[in-house]
2 protein chains.
Amino acid sequence: MGTTQLESAQEPKYWHLKTVLSEALDSEFSVGEILPNERDLAARFGVARATLRQALEQLELEGRLQRRRGVGTTVAPPRVGVSVGTTAQAWPGAADDSWGGLDGAEAVPPTAVARALGTADGEQVHTVRRSRIFAGRPVAAELLYIPAASVPGLPAIDTPTGALRARAVLRELQRSTLQGQDRSVELGSVGADDARELDRLPGAPVLVVTTRFYAGDRTAAVSVATYRADTCRLTFGDSGGVEIHQDPERHAS
Amino acid sequence: MGTTQLESAQEPKYWHLKTVLSEALDSEFSVGEILPNERDLAARFGVARATLRQALEQLELEGRLQRRRGVGTTVAPPRVGVSVGTTAQAWPGAADDSWGGLDGAEAVPPTAVARALGTADGEQVHTVRRSRIFAGRPVAAELLYIPAASVPGLPAIDTPTGALRARAVLRELQRSTLQGQDRSVELGSVGADDARELDRLPGAPVLVVTTRFYAGDRTAAVSVATYRADTCRLTFGDSGGVEIHQDPERHAS
DNA sequence: AAGTGGTCTAGACCACCGG
DNA sequence: CGGTGGTCTAGACCACTTC
């Protein structure tokens, strides 16, 4: 029995469902409100739960919904505009309170990073982990790689790991003259490690921002930051910038 | 790629499967090679097809695989680094051969865009559609909004739509002095319209780059570009930049 | 026509959260 | 404990591409 027969040509059910739900979210729900549970929703629309879930997944990907196991599905607030521009915010070691959870250590970087840093394969570098907080919520997890050559004046460190060590490395890095940076953004999925830090399940989509800091013709440090793709909009504005809150789906018609 | 029996606490099957497949891709397959079909793969790993598909979806999201209905699943080439920096490439109207498929028209922009442009609600603006080509493949679809005030010297246009009209608008826009731009990047899913242009199915993940061009304190134009998230890595380098080809999954261990 | 990935179903059980 | 979303199954049919 075809429910709505006139329309849809051969549009997939989950796609049509997503559209219907999206419109309902705009008109009948407010931010933070809890939706009916998946089994009820599926029954109401006359589809299998898996199909309903496919629609919800899309909406979550677009930042419209937030789902939490054991709790329910809620209407998500608009995406947060997070600056990753050439601001003091993003500069490692700069005075800055939007980053937290500092932790330092020493480790062998992935070969791709080692090549960019110009370090020998298997050579240890300083690493600093930190997480970016916005409105009380973690939005990003960053891993900085700093070769020993970039922090020549680093005093003897007695703590092998921890926030103290991280702060010492950052302080010393800041003293060296960072002259510029290359950045790239791509889609990734969060690993088990960062997942906990970002309060998401493994596999959740993230925007991976890879930054190469250079001083002279040398790469002074490499940062790999993973931003929650569902809640973040990365802004690269040179100035404050006007907000253009666009629905991430559909751009023409 | 045998059925390794490593115990995994309570790691989901699809997650473990993804890891196994990922390693197999690195060691036993080369770019462009076709994988066995989903039914065979599922049988080989002793899981349901839906579970196998969940793993493949993740790998496709990370740009490791490419799936085409009616054809099969192939190993994807590394992501393409697409420059969206302050280069002549990205400047609308600049001499530039990486954009194609020009089409111009006049339309009422979405309210969010209209607010940024400072045009009245319901006021028509010039629009230019174009698609970005890289290595023969479409990687992005862009929609430019240009208010009439930004192209005062625009000659009378007899063609209501088409490439000619688009070129005329871009040429005139280029004559005005664009002074800067704000940019933001977020995750979205491609609509039915752009999907065809990007050779993807509707709902495929895209990186939505919203750019506001301004001249003086006025917004001269707004561009909404959707890049294929599976095949693209957006680069913002001020210089050419060193390639850091990082596996988009897992960044620490 | 044969083979591929894409959609959909109707169930089941599990992990997590709250009272 | 009950309710939520997360995982998984074993099937079915469809849309598309290729031969």
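Values below: every heavy atom of this structure, side chains too, minus hydrogens, waters and symmetry copies. The structure presented is a predicted model; accordingly, all values stated were derived computationally and were not measured. Per chain, numbering begins at 1; letters A, B, ... match sequence-line order.
Within the 4.0 Å cut-off from OP1 or OP2 of C:dT7, at least one side-chain nitrogen or oxygen of A:Tyr14 is found.
Per the geometry, CG belonging to B:Leu65 stands 16 Å off C1' belonging to C:dG6, to the nearest Å. Atom P of nucleotide D:dC8 and atom NZ of B:Lys18 are separated by 13 Å, given to the nearest angstrom. Distance, A:Leu201 CG to D:dT4 P: 18 Å, rounded to whole Å. B:Arg67 places its CZ atom 12 Å from the C1' atom of C:dT7, with the value rounded to the nearest Å. Atom NZ of B:Lys13 and atom P of C:dC14 are 12 Å apart (whole Å). Between the CZ atom of A:Arg200 and the P atom of C:dC16 there is a distance of 15 Å, rounded to whole Å. Between A:Arg196 atom CZ and C:dC16 atom P there is a gap of 12 Å when expressed in whole angstrom units.
Residues passing the side chain to side chain contact (heavy atoms under 4.5 Å, CB included) test with B:Glu60 are B:Arg67, B:Arg200, sequence neighbours excluded. Under the side chain to side chain contact (heavy atoms under 4.5 Å, CB included) criterion, B:Ala76 pairs with B:Gln66, sequence neighbours left out. For the salt bridge (charged side-chain N to carboxylate O under 4.0 Å, His left out) test, residues two or more places apart in sequence or in another chain that qualify with A:Arg68 are A:Asp199. Residues that satisfy the side chain to side chain contact (heavy atoms under 4.5 Å, CB included) test with A:Arg137, not counting sequence neighbours, are absent from this structure.
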With the criterion being N/O to N/O and under 3.5 Å, what pairs connect the protein with nucleotides 2-4 of chain C, and how long is each?
unit_1	atom_1	unit_2	atom_2	d
C:dG3	N2	B:Gly70	O	3.3
C:dT4	OP1	B:Asn37	ND2	2.9
C:dT4	OP2	B:Asn37	ND2	3.1
C:dT4	O2	B:Gly70	N	3.1

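Between B:Glu60 and A:Ala48, the one whose closest nucleotide on DNA chain C sits nearer the 5' end is B:Glu60.
Of the inter-residue distances, the one linking A:Asp182 atom CG with A:Thr211 atom OG1 reads 9.0 Å to the nearest 0.5 angstrom. Rounding to the nearest 0.5 Å gives a distance of 10.5 Å between CG of A:Leu59 and CD of A:Glu57.
Of the residues in residues 49-58 of chain B, those lying under 4.0 Å from DNA chain D by heavy-atom distance are B:Arg49, B:Ala50, B:Thr51, B:Gln54.
Under a 4.0 Å N-O distance rule, the pair B:Arg129/B:Asp194 qualifies as a salt bridge. The pair A:Arg132-A:Glu142 does not meet the salt-bridge criterion, since no charged nitrogen lies less than 4.0 angstrom from a carboxylate oxygen.
Two residues are said to be in side-chain contact when any heavy atoms from C-beta on lie closer than 4.5 Å; A:Pro205 and A:Leu187 meet this criterion.
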